[in-house]
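Below, chain A is the first sequence line, B the second, and so on; all start at residue 1. FYI, side chains are in, hydrogens and waters are out, and symmetry mates aren't considered; it's all heavy atoms of this structure. Since the model is a prediction, treat every value here as computed from it, not as a measurement.
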Amino acid sequence: MLNHQRLNRRDLLKLAGGGAACLMTPSLARASGGFSWPQNKTFVLFKMDGGNDGLNTIIPYTEQLYYTNRPTLAIKSGYAFQDNRFAFHPSLAPLVPAWSAKDMMVALGVGYPNMVDSHFKGSDIWNTAITSEDTPQTGWVDRLFSKADPDLGLPYSAGPFDAAAVTGGFAEPFLGPDLRFVTSTVQTDPSLPSNALNPGMQSYASANPVYDWMYQTQNELDVAASVLHSLPVITRTTFPTTALGISMAHAANLIAHKLNVPFIFLNQSTYDTHSDQLTRQAALLADFANCVAAFRAEMIVQGLWKNVVLMTYSEFGRNAYENSAKGTDHGLANAEFIFGGAVKGGYVGGQFPLSSLNPKTGQTALPYQLDFRQLYATILQGWFGAPGTVSSALFDSAVYGSFAPLPIFG
Amino acid sequence: MTARRPRLFRALAGATFLALFQLCFAPQALAISEDDAFFLLMRTGFHPTQARVKALAASPSRAAAISVLVNGVTPALAVAPPAWTSQPITPPPPYCGKLTDPAAIAACVAADSAYWSLISNQKGDLRAWYVAQMMASPSPLTERLTLFWHNHFTTQLSKSGEQPWLVFNQHRIIRRNAAGSFSTMLAQIMTDPAMLIFLDQQLSTAKAPTANFARELMELFTLGQSNAQGVPNYTETTVTEVARALTGLNVDSATGLFLYKAADHDTGVKTILGQTGNFDYTDVARILLANPNCPILIVSELWKEFVSPTPDTAQVATIASSFGANYQIAPVLTALFNSDAFWSPANRGTLVKSPAEFIVGAARALSLPNSEASGLASMISYAGTPLFDPPNVRGFLTGVDSMSTYTLAARQLNGSHLANLWVTEVLPAGDDKANISPSEFAAIAAPNLLAPAMLLQPTANITPRTAAARVLADPAYSLK
């Protein structure tokens with residue numbers, strides 16, 4: 001098991017490189033106001049990759065323009081739920097119990113100033129939580145642990161890693177040099193420990209601090225991956241057998257083992273519905289709803305539902321007007337979901353009426369009303385209990401203003 | 001690392017010990033072994049195939065081998081660029097806002113949509129072409145230099161207003177001058193539309209000069225913020241004055257070509273680094289190039305790219321003093337590659353391959369077909385370093401600063417994809433079998449994947465796919 005109170009790797013490198021012994025400051029003694037990650041609390045970041053169409057998810061069914069703007073795509077009946085403002089897409093029926101139990105919130109009009117409708121730039125902004133042209137190379141979760149920023153540098157979690165990608169592949173909010181990351185795609189083969197294949201390569205590169213750094217990082221990753229791979233299944237809920245269902249079962253199992261992992265990333269792709277949207281989005285949302293319902297059920301069984309928050313994000317919402325291919329093109333603000341036993345339920349944020357759009361001036365997508373950084377700040381402060389200075393530093397309040405926590409929790 | 005050696009020892013070593021050593025052992029010491037050739041090729045190019053190692057090891061000396069590599073730098077392309085690069089730029093469609101007729105609005109919106117999907121396709125084309133070019137290039141040093149200069153003269157393909165067409169033209173400038181004249185490259189970059197748009201220079205006028213390009217031009221492209229003693233190389237006033245001098249630089253949005261708008265130029269007198277006059281952008285280039293901090297910055301950066309993470313300030317100063325006289329890049333490369341520091345065992349394996357080097361190098365070593373270039377370009381993006389699209393003007397992180405559990409996991413995943421491609425696209429079907437012995441693996445893949453000195457001692461028989469993935473996942477494979 002890793003010793004999480006050890007020197008951070010950068011310090012070790014400096015030492016190995018001949019740096020001064022005064023660098024041996026334990027990494028826990030940081031300017032994070034004595035904060036430590038609360039026991040067994042997990043924030044699950046769920047990316048609806050490609051840009052989910054929020055307007056056909058949380059439907060402004062009382063607005064006539066909705067039907068005018070979307071002659072073939074407007075959903076007219078079969079809603080999973082409806083109130084006097086919105087109706088939920090029929091595929092969301094499995095989530096209605098969570099909504100009724102106030103375990104689910106819908107955040108409306110989520111975005112940021114001067115939104116962009118590029119997949120890459122939009123994803124970069126959400127993943128880094130920096131809205132300028134000058135996006136940093138590191139994800140916002142990694143920056144929480146940044147040793148370079150005196151206002152950040154939160155300590156490692158008590159777990160074997162701080163952030164896990166269980167869908168496989170990459171999890172851009174975790175990209176960076178500072179947190180301890182693991183992904184389910186790291187393969188460990190006990191018969192073939194890393195570096196056993198070619199000791200010659202080791203000797204070629206060994207005895208230098210850069211190699212030490214790489215080797216230690218590799219060991220950290222291998223240990224984390226072996227922890228991740230060796231967890232016996234202790235969940236009791238039957239998850240859907242889709243790829244997403246398998247990933248969510250892994251996420252639930254990881255949480256159920258109470259390893260103290262504060263961040264988990266999940267990804268569901270192909271929301272980029274430029275064509276044939278009705279069928280495609282219905283299938284995606286049904287998979288999503290079934291998986292989240294199973295995830296919630298399992299967390300309740302484990303007695304951990306109050307310890308978990310799952311929030312969705314897409315790089316952008318979609319255009320309010322359908323295109324000629326029975327799909328929708330890239331838009332701006334979007335509706336997102338927040339689930340968890342500790343949330344208050346209901347709506348947060350707001351959505352401009354469709355009548356506020358004006359295609360003549362190119363305004364065909366809803367502008368934002370709720371900055372996503374305010375939601376993340378709420379989760380950091382109101383959920384994890386991090387000091388407000390962390391959000392201010394993370395989201396550069398000097399430039400972008402403060403993001404006061406919203407009344408979402410308890 | 002070099003910096004750990006006490007200064008006195010280094011001086012003694014330079015003056016006496018080395019002279020004595022060379023006198024006695026020069027012929028043997030300077031001959032080139034296969035290990036040396038492998039190291040030289042990997043340091044100055046991509047992970048080399050064994051054929052290239054053997055060919056270079058036939059050189060009479062290290063210096064001769066280095067000449068072959070430096071003289072081999074060429075702007076000639078091994079892979080033809082996308083056809084649209086030689087056609088006029090596709091200008092953005094007009095703004096739809098002033099239209100009133102619904103049909104006209106619909107047509108305008110459709111044109112807008114078509115334009116952006118064209119741009120998106122061109123970005124993919126451009127990245128795939130670059131990877132294919134790097135895979136096929138007879139001069140890996142050329143490609144490494146283009147990667148280096150792109151991370152020096154940064155431009156973001158994702159910036160709105162930026163276009164693949166413009167970025168390819170910038171690439172032409174970089175490729176044409178990669179080992180040629182730095183002063184020529186700088187002059188061409190200063191009138192390069194992609195750069196001017198990236199740093200908002202086209203918005204700068206005499207009435208309202210913007211400082212973005214002026215600042216980065218000095219801080220990142222020529223002088224550096226401060227010198228080795230920590231003394232600032234320029235002041236905020238210098239930035240303002242340079243910004244005034246640069247006004248007039250602009251882009252013709254219809255053609256995507258450089259346009260000098262004399263009417264926007266501030267014709268007043270400016271004072272820049274002690275010189276006063278009615279300066280324009282050519283004067284700025286002249287003044288910056290004449291500043292001794294400019295050659296020091298460039299040589300230091302080349303040192304960090306090719307020699308070690310910690311430049312030796314004395315040696316950098318020596319090389320920089322001749323570089324500053326003519327700004328020829330090739331002699332700097334020759335000096336660096338022939339330096340003791342370059343060959344020092346203490347510096348071997350202290351540089352980290354970028355994801356592009358890692359992936360292109362593996363693709364070359366495993367003989368992956370060029371048709372895979374597009375997928376390989378995506379792998380480079382997934383590793384956090386999309387080609388032509390650094391996160392900010394400072395460029396991608398390099399060295400250990402870029403390495404973490406996350407980026408190492410990305411390398412493992414990419415290594416595993418590369419091994420899969422090798423098994424499915426390259427290996428004869430019969431070789432795709434379970435459990436080969438170490439010697440079988442060596443026969444199939446080791447010649448190109450492993451350094452000559454490397455042993456291959458797997459603890460158990462494994463599949464070719466696993467073996468290749470394991471070699472690529474070894475942290476040592478990421479070093480050079």
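Of the listed residues A:Ser324, A:Gly362, A:Gly176, the one with more heavy-atom pairs under 4.5 angstrom with chain B than any other is A:Gly176. With chain B as the partner, the residue from A:Leu175, A:Val116, A:Thr361 showing the most heavy-atom pairs under 4.5 Å is A:Leu175.
The aromatic rings of B:Tyr477 and B:His47 sit tilted, their planes meeting at an angle between 30° and 60°.
In this structure, chain A has a heavy atom under 4.5 Å from the backbone of B:Leu99, while its side chain stays farther away. Looking at B:Ser416, neither its backbone nor its side chain comes within 4.5 Å of chain A, counting heavy atoms on both sides. Only the side chain of B:Val352 comes within contact range of chain A, judged by heavy atoms closer than 4.5 Å.
When each of A:Phe181, A:Phe174, A:Phe263 is tested with B:Tyr406 by the rule ring-ring contact (aromatic ring centres under 6.0 Å, His included), just one qualifies, namely A:Phe181. Screening B:Leu397, B:Thr385, B:Thr407 for a side chain to side chain contact (heavy atoms under 4.5 Å, CB included) with B:Ser402, the sole residue that qualifies is B:Leu397.
In A:Tyr400, the OH atom is crowded: over 12 heavy atoms of neighbouring residues, nucleotides or ligands sit closer than 6.0 Å.
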| request: Go through the steps for A:Lys47 and A:Phe265 under the test side-chain contact (heavy atoms from CB on, under 4.5 Å), then give the verdict. | output: CA-CA 8 Å; A:Lys47 187 170 190 206; A:Phe265 177 85; 4.0 Å; yes
